[in-house]
Amino acid sequence: MSASADSAQPLASTSNDQVPTSADNTASDASRGQSASASASASELARTKIILQGALRSFQDFPIPGINFIDILPLFQDPAVHNALLRALELQVLEFAGGSKPDVVVGLDARGFLFGPSLALKLDASFVPVRKKGKMPGPCVTAAYEKEYGTDFFQMQEGAIKPGQKVLVVDDIIATGGSAAAAGSLVKQLGGELVGYLFILEIAFLKGREKLGGVPTITLLETDE
């Protein structure tokens with residue numbers, strides 16, 4: 001009798017160890033749900049990028065001979081494409097940040113203003129503009145950057161970003177990277193945490209990322225033209 005009872009005890013213990021709890025099942029279901037959601041978002045983003053790439057136009061020898069100018073303005077001319085652009089930017093940010101959102105979206109003068117405010121609304125973030133020197137009232141912080149014809153300056157109003165806020169800088173195109181780096185400098189001057197840069201288009205051969213100090217940089221589209 002005693003031996004029978006002793007042999008039954010470990011058998012019961014083994015059985016309990018092998019039975020998943022409700023908490024285990026819930027965690028497993030949540031993990032599968034997150035994986036499926038991430039996969040669906042990645043698929044949607046890939047499809048949308050094809051649509052956006054097809055909407056771009058190029059113009060040879062503009063603004064000077066030898067330059068192939070990539071025109072992003074058609075992305076805003078068709079409401080369906082415009083909406084697709086905003087959705088793709090939102091998905092790109094969420095994918096890049098692991099689902100977290102910035103507190104502030106900073107848009108560069110001037111094409112960052114085309115989509116920066118709308119993206120900020122989608123992300124439930126505030127929008128802060130960066131403008132050329134002398135274009136905004138009140139006390140401002142200033143950063144210089146080099147252009148092909150000399151030095152230019154960007155400014156941001158003091159107090160527009162609060163210390164510790166997470167900030168995403170956006171613009172239409174990253175080429176040489178100088179203006180984006182200047183915007184990042186303004187964010188840091190105000191005490192913001194620069195979490196990344198986001199661009200619609202990258203001209204990769206100009207290697208603009210190298211000027212951004214290793215800050216995470218994401219682009220929707222890329223061209224070597």
Side-chain angles (χ1 to χ4, degrees), residues 49 52-53 56 58 62-64 66-72 75 85 88-89 92-93 95-98 100 102-117 119-120 123 125 127-136 140-158 160-161 163-225:
K49 284 184 177 183
L52 298 175
Q53 189 83 48
L56 298 175
S58 62
F62 181 84
I64 60 175
I67 299 296
N68 184 33
F69 184 85
I70 307 299
D71 184 15
I72 69 160
L75 298 176
L85 170 65
L89 290 168
Q92 192 80 79
V93 171
E95 179 184 275
F96 150 78
S100 64
D103 302 307
V104 181
V105 172
V106 165
L108 273 64
D109 191 345
R111 292 192 177 187
F113 301 168
L114 290 174
F115 63 93
L119 177 61
L123 297 173
F127 176 77
V128 173
V130 168
R131 297 213 64 192
K132 297 291 183 66
K133 185 176 180 179
K135 297 294 186 180
M136 289 192 295
C140 295
V141 291
T142 304
Y145 64 99
E146 296 300 320
K147 301 185 73 172
E148 62 273 14
Y149 53 80
T151 302
D152 211 338
F153 299 89
F154 266 161
Q155 289 188 320
M156 184 184 293
Q157 289 178 314
E158 291 184 6
I161 294 173
Q165 284 188 310
K166 298 181 184 300
V167 181
L168 176 71
V169 173
V170 305
D171 201 8
D172 62 333
I173 295 175
I174 176 172
T176 61
S179 59
S185 174
L186 295 175
V187 171
K188 293 175 182 178
Q189 287 183 53
L190 293 178
E193 180 185 348
L194 182 58
V195 297
Y197 292 94
L198 172 64
F199 304 95
I200 294 175
L201 184 69
E202 179 175 10
I203 303 176
F205 78 90
L206 292 175
K207 300 181 179 179
R209 289 175 183 249
E210 295 180 1
K211 292 186 179 179
L212 303 183
V215 176
T217 301
I218 49 178
T219 60
L220 281 178
L221 310 170
E222 182 177 319
T223 179
D224 286 321
E225 296 181 358

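Bear in mind that the values here come from a model prediction, so they are computed numbers and not experimental data.
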From CA spacing to verdict: side chain to side chain contact (heavy atoms under 4.5 Å, CB included), Leu212, Tyr197: CA-CA 9 Å; Leu212 303 183; Tyr197 292 94; 3.7 Å; yes

Please give me the minimum heavy-atom distance between [X] and [Y], naming the atom from each residue.
X	Y	value
Leu221	Lys49	CD2-O, 3.7 Å
Met156	Leu190	SD-CD1, 3.4 Å
Arg209	Glu202	NE-OE2, 2.8 Å
Ile70	Ser58	CD1-CB, 3.9 Å
Gln155	Met136	O-CE, 3.1 Å
Ala183	Leu108	CB-CD1, 3.6 Å

Candidate list Val106, Val169, Ile161, test side chain to side chain contact (heavy atoms under 4.5 Å, CB included), partner Leu194, passing option: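 That would be Val169.
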
Nearest 0.5 Å please: distance from the [atom1] atom of [X] over to the [atom2] atom of [Y].
X	Y	atom1	atom2	answer
Leu119	Leu85	CG	CG	9.0 Å
Leu186	Thr142	CG	OG1	7.5 Å
Gln165	Glu193	CD	CD	11.0 Å
Thr219	Leu89	OG1	CG	11.0 Å
Ile173	Leu201	CD1	CG	5.0 Å
Cys140	Gln189	SG	CD	11.0 Å

Aromatic ring pairing Tyr145/Phe154, orientation class (parallel under 30°, perpendicular over 60°, tilted between):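 Tilted.
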
Heavy-atom side-chain proximity of Ile174 to Ile203 below 4.5 angstrom: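 No - every pair of side-chain heavy atoms lies 4.5 Å or more apart.
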
Steps toward side chain to side chain contact (heavy atoms under 4.5 Å, CB included) verdict (Leu114, Asp172): CA-CA 9 Å; Leu114 290 174; Asp172 62 333; over 6 Å; no

Trace of the side chain to side chain contact (heavy atoms under 4.5 Å, CB included) decision for Phe96 with Leu198: CA-CA 10 Å; Phe96 150 78; Leu198 172 64; over 6 Å; no

Heavy-atom neighbours of Lys207 NZ exceed 12 at 6.0 Å: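 No.
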
